[in-house]
Amino acid sequence: MKVNAEMEQQSEAIVKFDNVVKRFGNFTAVEKADFEIGRGEFLAIMGSSGCGKTTTLRMLAGLEDPTEGAIYLDGEKVNGKATWDRDTPMVWQSLALFPFLTVQENVEFALKMRGVGKEERRQRAEKWLEKMQITEFANRNINQLSGGQKQRVALARALVTEPKILLLDEPLSALDAHLKVRMQAVLSNLQKDLGITFVYVTHSMSEAFSMADRVVIMSRGQIEQIGTPEEIYREPYNRFVAEFLGSANIFDSVITGPSGSDGWKVDFEGGETSLSKDELPNAVQGQAVTFIVSAENMQLSAPDSGQPGILASVAGEEFIGGTAMVFLETETGHELKVQKSHDELSLLNLHAGSKVIVHWAPESCHILPGENL
Amino acid sequence: MGNENRIVNGLLKLHIALCLLFIFAPIAGSFVFSLNSDRFPSLPLGEFSTEWYRLIWEDPLVWQGFANTVVVGLTVAVIATLLGFGGAYTDFRYNFTGKSFYLALAMLPPTIPVVIMGLAMLAFLSRVNLSGTTISVIIAHGVMCSPFAMAIIRLRLSQMDPDLEAASWNMGGNQWQTLRYVIIPFAKPAIFAALFITMAVSFDEFAVAWFVSGLNETLPVKILGFLQGQVSPRINAIGSLAFLSSMTLIILAQLLLRSPEDKKS
Amino acid sequence: MTKRPTLFSLILSMPLLIWQLTFFLFPLLFLVAISFWTVRNFQMQPDINFGNWERVLTRGVFWDAYFRTMVLATAAAAITSIIAFPASYAISFKMSEKAKRWMIFILIIPFFTSYLVRVYSLQVFLSDAGIVNAVFGYVGLGPFPMLNNAFGVIVGMITLTLPLVILLQTFSLNFVNRDLIEAAHNLRCGRLRTVFAVIVPSAKVGLVVAALFAFILSFGDFVSPLYLGGGNPPTLSIMITDFTKSGQQWPRAAVVAIMMIVTLLTVAFAAITYAYKERGK
């Protein structure tokens, strides 16, 4: 039975990180990475610079060797296997296109390295040039292309061997915002068309969340959370993830007693709310608890409305498209953020320093499991 | 430009002009003297004459020296560039214990006074019975020229996106293929520049060659011989020709190093 | 990736190492060895004999030459640095990028002309009946003796080192933070004072290294002392060539060479230490 299950697992996952550690001297770049990547999955690895996301990708590509643990690629342990013996092409942050070769020669490169004959090389490269809509630039020099065109060359060059997996290291970071969105669509569609695995490293939440099936969030070499964008957004695992996402209010509080039959009553700055017992079944009265309420689930009421909640004053406001993020400060100096539509805000007639009551529905509270173990 | 002062700037320009005059007067003078009939040129200058060129043209020893110079120069250029490329790539790519020793050994020869280099080479090469041969000049010049080749190629490699090499490995190119299809094409202008510049350095080097060459004198050693013997404006004629050939090499090297990324269209 | 050297890395790195060990380091070490050898019937014989050292180091001729060479090289390095600085300053601070590149190219040219030919040409310029004295003659001055004396030697050494010193100084001045200068002007530091209070200290390392190179080149030069200074009394390099070329006294030449290298290393070490010494504790 167990063997069967493992076989099953192998065919499901194309990549398996088995407790992988990478150290550079005394510095630990990746600490106990343990996860799998499914066939045909679009996985994003996200984190700020230096979090170990690129090192993770480079280990998969064979550009770094793990210090401990094992990496399985298509069921085969690949520790120590040279990068040129793997088929894990990468799209580089710098694109790393060869400036001394034409577009066509760049795309043919991987085939040439594999000893594919001239005619076949040309045909296969042309197919990919066409697919990426850059046939007209085939004989151009790399430096004559625009940023978006270069991006397409880099993709064609990486995909020409028809690999099962494509690694992308912040490929869009050099593009302007408009082009970035267009290339995101190109990448998403490409991945669906080809049905191959994409492993996409980025520091941008919008890139990761808009394209990926699952997202890995890393910080200081540790994996903080793995899940679908929806899961991570709704239920961040710990404070780091919640702060990283940036749109949640984090409350450190204490359980003051039961609330009804299926909840805990918690106290915050004089305001009271209740948490579902499902999320914290074994808690006792007096226990510390950390929970979040996302900014768009926060409600605002006029100070004279009599609505129970926390009294806060407006510290500032930031426009985010059709909505605005209002930054508030409670009387004890705790910062809150509330995201609302402009219409709703205009009814309250807020300005810097004006008072407002903040409240939320108990069901919009989410306990951070990683902080309440 | 309130901080500029026209008088000061004018004086600075004048100073640069004087420095250049000082540096280039002997070089230009040599040209002029080579085409002058006087044995001891002074003001006013004598008549225009190609006598000195005719004399060297007819001197078989000069021709032999020239042939030696070219053979040595070409061989040295190839050897020094190969050695320099290896050293430059080693420095670019690897970190290892003793690297500073490696680099010091590679880069120090130009700082050792040529008389000392010459003496050391002579003592060593005569011990292994190579003194007085053309090979000994090639060996000595290989030592002296490889740092130049290494510096030129290293500079080019430092302009390379380090991901380029990794990208090639990542696409299935092993280290040799990557060297052949990525590193060398990228460094090509610098490799040619290194060939030309090391050749030019070897063309003009006389001191160490004088110590070790014996009878297989290169042209610069011949000049030294002329200089030690009676004064002869033939030196100017040879010098002018040598200068022209060196400059051709340098300009070729410059053009290579200047050219923007290879234009393929 | 792997720490173990690969065949690939060895094939690329080893040839240079082996070449320089065999043909550069080993000959220099061999030089030390033969300084203890003896010469009999014009043949060198392996030995451990301090006679060469004693003979060279106890002679006044050697020490005269030593101090003469020191003074000449120091003077040449100092004069060249002083002449070069205004030029480097102007190139670095007053010229456009394009003009800078041209100046650098022009200053590289002399490296590829024969120093011998230049010195020969200088003989013609500097001799009693030469070009320079002819010019002086027109205005009723001279003739001044400019050849076969220290003046001629120094002129030759400056010819050799000036382009290199200007280049090195220019490179170091290019690295001086331009904001510092504006800050100094802004703090009412005058133009000339800014040069000495801000620019020179900021570029100190490069300026010292440039002077050091001028010293090293001049110290080892045998062409200027021989053909512009007359060769008598000799400098250390001339002693080496004399010992080697005429007397077959290679061991003694080796002693002089080692003394030169020790001197150069000491000067270089002192200069570099001085260049990198930080103000304050």
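Convention: sequence-line order gives letters A, B, ...; per-chain numbering from 1. Just so it is clear, the model here is predicted, and its values are computed rather than measured. What's counted below: heavy atoms across the whole structure, side chains too, no hydrogens, waters or symmetry copies.
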With no hydrogens and no angle check, is any side-chain donor or acceptor of [X] less than 3.5 Å from a backbone partner on [Y]?
X        : Y        : answer
C/Ser121 : B/Pro26  : yes
C/Gln169 : C/Leu173 : no
C/Ser237 : C/Asp221 : yes
B/His141 : B/Met199 : no
C/Ser92  : C/Ser88  : no
B/Tyr102 : B/Phe96  : no
C/Trp19  : B/Ala80  : no
C/Thr69  : C/Thr235 : no

Give the member of [options] that has the highest number of heavy-atom pairs under 4.5 Å with chain C.
options                              : result
B/Leu179, B/Val8, B/Thr111, B/Val115 : B/Val115
B/Pro109, B/Gly29, B/Ser30           : B/Pro109
B/Ala242, B/Ser246, B/Ala123         : B/Ala123
B/Tyr94, B/Phe243, B/Trp176          : B/Trp176

ask   = Should C/Met103 and B/Leu20 be marked as a side chain to side chain contact (heavy atoms under 4.5 Å, CB included) after you check the CA-CA gap, both sets of side-chain angles, and the distance that decides it?
value = CA-CA 10 Å; C/Met103 279 307 295; B/Leu20 291 181; 4.0 Å; yes
task = Please list, chain by chain and in numerical order, all residues satisfying salt bridge (Lys or Arg N to Asp or Glu O under 4.0 Å) with B/Lys99, sequence neighbours excluded.
result = B/Asp91
Part of [X] lying under 4.5 Å from any heavy atom of chain B:
X        : value
C/Phe8   : both
C/Leu17  : both
C/Phe30  : side chain
C/Ile34  : side chain
C/Tyr89  : side chain
C/Phe112 : both
C/Ile18  : neither
C/Val155 : both
C/Ile158 : both
C/Ile258 : neither
C/Ile106 : both
C/Leu31  : side chain

[X], part contacting chain C, at a heavy-atom distance under 4.5 Å:
X        : answer
B/Phe24  : side chain
B/Leu18  : neither
B/Leu82  : neither
B/Ile238 : neither
B/Ala140 : neither
B/Ala106 : both
B/Leu108 : both
B/Ser240 : neither
B/Ser146 : side chain
B/Phe85  : side chain
B/Met144 : neither

message = Please identify, among C/Ile83, C/Leu28, C/Asn133, C/Leu25, the residue contributing the most non-hydrogen atom pairs under 4.5 Å to chain B.
response = C/Ile83
Residue selection (most heavy-atom pairs with chain B, distance under 4.5 Å) from C/Thr159, C/Leu264, C/Ile109, C/Leu192 = C/Ile109
key: With C/Asn52 via side chain to side chain contact (heavy atoms under 4.5 Å, CB included) - residues at least two apart   = C/Pro251, C/Arg252, C/Val255
request  = Show the numbers, then the answer: is there a side chain to side chain contact (heavy atoms under 4.5 Å, CB included) between B/Met150 and B/Leu103?
outcome  = CA-CA 10 Å; B/Met150 179 165 161; B/Leu103 292 180; 3.6 Å; yes
ask   = Under the side chain to side chain contact (heavy atoms under 4.5 Å, CB included) criterion, do B/Val143 and C/Gln20 qualify, and how do the steps go?
value = CA-CA 6 Å; B/Val143 169; C/Gln20 300 296 58; 3.6 Å; yes
request  = Determine whether the side chains of C/Tyr115 and C/Ser224 contain a donor N or O and an acceptor N or O closer than 3.5 Å.
outcome  = yes
ask   = Distance only, no hydrogens: is a donor on one side chain within 3.5 Å (strictly under) of an acceptor on the other, for C/Ser114 and B/Asp204?
value = no
ask   = What's the verdict on side chain to side chain contact (heavy atoms under 4.5 Å, CB included) for B/Ile235 and C/Val117, showing C-alpha distance, side-chain angles and the deciding distance?
value = CA-CA 7 Å; B/Ile235 292 173; C/Val117 173; 4.1 Å; yes
request  = Please find out if less than 6.0 Å separates the ring center of B/Phe33 from that of C/Tyr120.
outcome  = no
